[in-house]
Amino acid sequence: MVGIQARLAVSALFFANGLVVGSWAPKLPAMMSRLGISESVAGLLVLALGIGSVCLMPVFGGLVARRGSAHAVKLAAVLFTPSLIWISLAPNAWAVALTVLVFGGLIGGMDVAMNANAVAVERARRRAIMSSCHGFWSLGGLAGAGAGGAIIQAAGETAHALLVSMIVAGILVLAFPRLLRDSPAGEHRHQPLRLPRTPLPYLIGVMALACMIPEGAILDWAAVYLQREMDASLAVAGWGFGACAGTMAVMRFLGDGIRRRHGAVRTLRISAVIAMAGLAVAALAPTPLIALAGFGLAGVGIANLVPIAFSAAGNVPGLAQGIGLSVVTTMGYSGILLAPGSIGFLAEHTSFAVIYGGLSLLLLVPLLLSRLARTADFGG
């Protein structure tokens, strides 16, 4: 039986990753002001983040399949830790674009590896833990987004980045010795690394894509929406993603139990409907506080969509664990990282309110594909 330390160790990595990603949310509008860039240029920066992520996800998926998730996640996490420092020190838009490209790649690589390690712990414990792991990610996102704006205002971008990096480094020192040291199954160790021939992981990837586009839109643009369209302060605007991350954290800690009781398919369907309602409230909100409430409600629904999709991907029969996860995470994160880049361009011709309203309809896709989530009940 895998001990509690392995579960806590992988949960700590999710928290550390969420802390850095959440800290990116208030950094974007601050960086736009510092460099004097428009929404369109900021959209290109977000696009660079997504391109980097999508490029490295398959690489780390292959590394998981060949060397195990513990090896892959340690490499990604060490390289990932100082990312915000590079971005803060970049003197112009081109330099920022390069550092954001690397940042995105390491986000993607660490994400594939830590989700693979969580699936390995699920299999060893014969018990679902994925939702609570993502709950720790949301706690990190809440801390990073909620406190980030105030720290940037008080101390500046570089001091904020140094503080976050030191906290993450401390977490890694504690977590690394306690990670589950998995290894590839014998039948997969010497298989050539190639794309799956079964359509199931691609269909799960489409489901993950539709679930993660709204999450990415909140992560990257909620602060800008609240500040520029609703006249909120930077400190308040940083809570756009923070409100979503906070409710996501609560529901993700409850999600494993809900999934065991009601099954992955039913849990996914109910969650999608709640997320649609939350995005609609945020889009129609007359004040920043009501918009924050909408983002919080959206977080309740979004919370367990992605963990269910990732558990389903990690348990596709006949596939090496890292391969199935890399397909689904690459497709899913092309939504959370690439699609929001287009939102910057759309926002100049319409409004973020219209965009968030349209994104609520996108969640009809996981409703239609919800039966594919049944393999996620493996660990339950």
Side-chain angles (χ1 to χ4, degrees), residues 9-31 45-46 48-50 52-53 56-57 60 72-90 96 98-115 117-118 133-152 155-176 212 215-216 218-220 222-223 238-242 244-246 248-249 252 306 329 333 336-337 340:
V10 70
S11 298
L13 295 185
F14 274 82
F15 178 87
N17 186 278
L19 180 66
V20 176
V21 174
S23 297
W24 160 257
K27 179 177 283 292
L28 181 59
M31 191 169 59
L45 294 178
V46 175
L49 189 148
S53 182
L56 279 192
M57 278 181 173
F60 275 85
V73 78
K74 287 179 180 179
L75 175 62
V78 168
L79 297 174
F80 173 76
T81 298
S83 299
L84 292 180
I85 299 175
W86 309 336
I87 296 172
S88 299
L89 295 177
V96 168
L98 179 61
T99 56
V100 168
L101 182 73
V102 176
F103 177 51
L106 296 173
I107 288 174
M110 185 174 176
D111 197 275
V112 170
M114 70 187 185
N115 276 285
N117 194 260
C133 284
H134 283 255
F136 281 101
W137 186 92
S138 298
L139 280 181
L142 172 63
I151 295 173
I152 291 170
E157 283 188 68
T158 302
H160 166 255
L162 285 168
L163 176 62
V164 173
S165 298
M166 288 189 295
I167 293 171
V168 171
I171 292 171
L172 300 188
V173 169
L174 294 174
F176 278 0
M212 296 180 80
E215 184 179 349
I218 295 172
L219 167 64
D220 285 311
W239 280 96
F241 177 64
C244 179
M248 285 170 65
R252 282 175 169 171
V306 174
T329 52
Y333 275 87
I336 199 172
L337 298 172

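Because the structure is a prediction, the values reported are computed rather than measured.
Counting only heavy atoms from C-beta outward, the side chains of Val306 and Arg252 approach each other to under 4.5 Å. Put simply, the side chain of Thr81 reaches to within 4.5 Å of the side chain of Leu172, judged on heavy atoms. Between Trp239 and Leu142, some side-chain heavy-atom pair lies under the 4.5 Å cut-off. With contacts defined as side-chain heavy-atom distances shorter than 4.5 Å, the pair Ile171/Ile167 qualifies. In this structure, Leu13 and Met110 have side chains that are in contact, with non-hydrogen atoms separated by less than 4.5 Å. Side chains of Glu215 and Met248 form a contact here, defined as non-hydrogen atoms less than 4.5 Å apart. Using a 4.5 Å heavy-atom threshold, the side chains of Trp137 and Met114 count as touching. Proximity of Leu19 to Leu139: side-chain heavy atoms (C-beta onward) are nowhere separated by under 4.5 Å.
Pairing each heavy atom of Ala155 with each of Ala159, the nearest pair is O-CB, 3.6 Å. Scanning both residues, Ile218 and Gly240, for their nearest heavy atoms gives CG2-O, 4.0 Å. In plain terms, the two heavy atoms of Phe176 and Val78 that are nearest each other are CE2-CG2, 3.7 Å. For Ala72 against Phe60, the heavy-atom pair with the smallest separation is O-CE2, 3.6 Å. Nearest approach of Pro82 to Ser165, heavy atoms of both residues: CA-OG, 3.8 Å. Leu49 and Phe103 make their closest contact through CD1-CD2, 3.6 Å (heavy atoms, listed as atom of the first residue, atom of the second, distance).
Rounded to the nearest 0.5 angstrom, Cys133 SG and Phe136 CZ are separated by 8.0 Å. The structure places NZ of Lys74 at 9.5 Å from CG of Asn117, a figure rounded to the nearest 0.5 Å. Residue Ile87 holds its CD1 atom at 11.5 Å from OG1 of Thr158, rounded to the nearest 0.5 Å. In this structure, NE2 in His160 is found 4.0 Å from OG in Ser23, a value given to the nearest 0.5 Å. In this structure, CZ on Phe80 lies 5.5 Å from CD1 on Ile107, to the nearest 0.5 angstrom.
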